[in-house]
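Working notes for the structure below.
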Number of protein chains: 2
Amino acid sequence: MKDFAPALLDAVRRSQRVLLTGPEGPDGDSIGACLALQRALRTLVPGVAIDVAGTPGFRYSWLLGAPEMLNDNKVGDYDGVVVLDGDRHRLPKQVGRSFAAARWTGLIDHHRSSGLDGYTLPWLEPKCESTCVMVRKLLATWNIALDRDYAEALYTGIIFDTGAFRYSNTTASTHRVAAELLDHGIEHWKICERVLMERRLPGVRLQARVCDNLRLLANDRVAMGVISRATFAELGADEHDVEGIIDALQNIAGVELAALLVERGNERCKLSLRSRGGVDVAALAQRISPAGGGHAKAAGASISLPLAGALVAVERAVVEALGG
Amino acid sequence: MKDFAPALLDAVRRSQRVLLTGPEGPDGDSIGACLALQRALRTLVPGVAIDVAGTPGFRYSWLLGAPEMLNDNKVGDYDGVVVLDGDRHRLPKQVGRSFAAARWTGLIDHHRSSGLDGYTLPWLEPKCESTCVMVRKLLATWNIALDRDYAEALYTGIIFDTGAFRYSNTTASTHRVAAELLDHGIEHWKICERVLMERRLPGVRLQARVCDNLRLLANDRVAMGVISRATFAELGADEHDVEGIIDALQNIAGVELAALLVERGNERCKLSLRSRGGVDVAALAQRISPAGGGHAKAAGASISLPLAGALVAVERAVVEALGG
């Protein structure tokens, strides 16, 4: 970080246009990090145009700067492109083109799965709980004083990636950063509601349907939920409403592994896996599908099978993983 | 607090037996506070017997000292009784008798609704987010060094009363205390799972049923859920499984007021109310029933009507509160 902070500033100073971007479908941590860094760079290097790519969902549209974010298809050419909270392999198509054409490229990320190659300026901290905490460190290095708007953006990212301080990646230091952000008078409970807790009515009904029909396997150590396209249609729900449903399955007393299988097309399903016990679901996801992967406690996979076939394959693999 | 800390120690020193107790049906904050204070007093005044009253549910049975808590019916006579995180009017019957017979009585509480009268040693801090934070202050005053067991008990109370830092009573200071507790190496994510997130399967199914059948009133600004005794019986669920269901109703996008009506007997219903908007649900609860009350954002009432009649009364009052 010592070298990265001045090097990034230097690269921006030698540029006319810089793009900050998360991966495709940016989440709270990448959006918060991009918007906070955008403000900081605009303050430090006023002559340079700093854009942020991505379309913020309703959970993030209230953030300062969110309305000016650029739709991925509208990004053009840039001297430099910085990827935050993700990996250059997961960029939207058009943003990927800007990345490939840029004179310099940066990475600010905390994902273990990201690599350092392919950037002129990479900064990777796999032990950090959130990219927003990394941006907080950058701001401190640059002597930028926090204010309420910075605090809102950074708090958004931190609660997104730590599940509002409930996940095991939360440390004493996370709470100390949060204390500092709350010192700036943010209405943190409203941010929590908006970013983490609020659900659309079709999403609430979708979760109800999944929980009504969930099945327990392997002596009740596995909770398995399924969503068909017919259910989406019946309830007026879409992919965004799936958010949070796997957590409900995972939090059932005694359940060590939760699996949620979502039908996306004729021979296309999306599997989400969560582990509270000893099973490494990243490895399990890869056994189920070559396109699977993730973290030991949270992983996913795309499965090129019809729903019924995918269900059989997943059940077999899951029961096997728990020792039959 | 300056006077309270030495006065409490002095009273304990002049006693042979002291009882610490929460209100009836103690929650995470009262249990955590009682157990931490018990340990501290035992250390400071080794000759005195310090009991904690109450039966810890499965969410708290793992806490150090929880297995030795006294069933409310087994408490006897004490020189002093200290009520933590509650009010002397809400004590279980037998504990209330011990309280009435005690030579001295204490209060350590943060509830706005508690009064100072009726105790020889009251300490009330309505602005404090949790009784465990008050106990943390006591320990500091007494120069008791925190350790992992203290940290687990105090963290339990703090996350219970702040909804794991998501409620508006959370302050920068809450996060600073949490940081200090995490410094002692507690597995905080397991505590969050156990205390806040884990649900029994019948509870998950009960929530699904409520959400499947929820009704929106007053232009979708009110979400109304109902649980009949028949549903409890059908799903094998009980009162404990109701926990958390009102939150699911409250978090529906656009909903300002959530109401959950639970049938408890022939002419006995329990109403829970939550407000995210401008409606003061404590006042609303009191309009619905003389036995209603609580906080502006979270309140409840007992209603002496059959379920169908209670439903009509609640709907009318709720729609009225939102201006028709």
Side-chain angles (χ1 to χ4, degrees), chain A residues 58-59 159 162-194 196-214 216 220 223 244 247-255 276 297, chain B residues 58-59 159 162-194 196-214 216 220 223 244 247-255 276 297:
Chain A
F58 86 98
R59 294 187 187 280
I159 61 168
T162 64
F165 313 101
R166 288 173 304 176
Y167 298 162
S168 58
N169 60 352
T170 304
T171 66
S173 151
T174 317
H175 282 292
R176 292 198 169 95
V177 174
E180 192 190 21
L181 301 179
L182 264 59
D183 280 336
H184 292 279
I186 58 174
E187 293 181 310
H188 56 86
W189 61 98
K190 291 189 182 170
I191 302 179
C192 282
E193 275 180 15
R194 192 79 182 262
L196 294 178
M197 289 151 72
E198 205 163 82
R199 303 279 289 275
R200 298 196 321 142
L201 181 61
V204 172
R205 293 208 199 276
L206 189 64
Q207 174 166 327
R209 186 65 61 90
V210 171
C211 290
D212 252 346
N213 297 312
L214 75 88
L216 296 179
D220 301 350
D247 301 304
L249 300 179
Q250 180 182 219
N251 288 327
I252 297 172
V255 164
R276 282 209 289 169
K297 300 276 175 196
Chain B
F58 86 97
R59 294 188 186 279
I159 61 168
T162 64
F165 314 101
R166 287 173 304 177
Y167 298 162
S168 58
N169 61 351
T170 304
T171 66
S173 151
T174 316
H175 282 292
R176 292 197 170 96
V177 174
E180 193 190 21
L181 301 179
L182 264 59
D183 280 336
H184 292 278
I186 58 174
E187 293 181 310
H188 56 87
W189 61 97
K190 291 190 182 170
I191 302 179
C192 283
E193 276 180 13
R194 192 77 181 263
L196 294 178
M197 289 152 72
E198 205 163 82
R199 304 279 290 274
R200 298 195 323 141
L201 181 61
V204 172
R205 292 208 199 278
L206 189 64
Q207 174 166 328
R209 187 65 61 89
V210 171
C211 290
D212 253 346
N213 298 311
L214 75 87
L216 296 179
D220 301 349
D247 301 303
L249 301 179
Q250 180 183 220
N251 288 327
I252 297 171
V255 164
R276 282 210 288 169
K297 300 277 175 196

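By convention in this document, chain letters (A, B, ...) are assigned in the order of the sequence lines, proteins followed by strands, and residues within each chain are numbered from 1.
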Contact winner vs chain B - A:G203, A:A178, A:A179, heavy-atom pairs under 4.5 Å
A:A179

Quick check on A:T171 against chain B: is it the side chain, the backbone, both or neither that has a heavy atom closer than 4.5 Å?
backbone

Minimum heavy-atom distance A:D212-B:A208, with the two atoms named
OD1-CB, 3.8 Å

Max heavy-atom pair count under 4.5 Å with chain B, selected residue of A:E180, A:R200, A:E193, A:R194
A:E193

Part of A:R276 lying under 4.5 Å from any heavy atom of chain B
side chain

Could you check A:H175 against B:V177 for side chain to side chain contact (heavy atoms under 4.5 Å, CB included), going step by step and ending with a plain yes or no?
CA-CA 9 Å; A:H175 282 292; B:V177 174; over 6 Å; no

Of all of B:T174, B:I159, B:V204, which one pairs up most often with chain A through heavy atoms under 4.5 Å apart?
B:V204

Can you tell which of B:T170, B:D247, B:I191 has the highest number of heavy-atom pairs within less than 4.5 Å of chain A?
B:T170

To the nearest 0.5 Å, how far apart are CD in A:Q250 and CD in B:E198?
10.0 Å

With the side chain counted from C-beta on, respond yes when B:D183 and A:R176 share a heavy-atom pair under 4.5 Å apart, and no when they do not.
yes

So which heavy atom on A:W189 is nearest to which on B:Y167, and how close?
CB-C, 3.9 Å

Pair A:L201-B:L214, side chain to side chain contact (heavy atoms under 4.5 Å, CB included): steps then yes or no
CA-CA 10 Å; A:L201 181 61; B:L214 75 87; 4.0 Å; yes

A:C211 and B:R205: which non-hydrogen atoms are nearest, and at how many Å?
O-NH1, 3.2 Å

Shortest non-hydrogen separation from A:A164 to B:R166 and the atoms involved
CB-CG, 3.7 Å

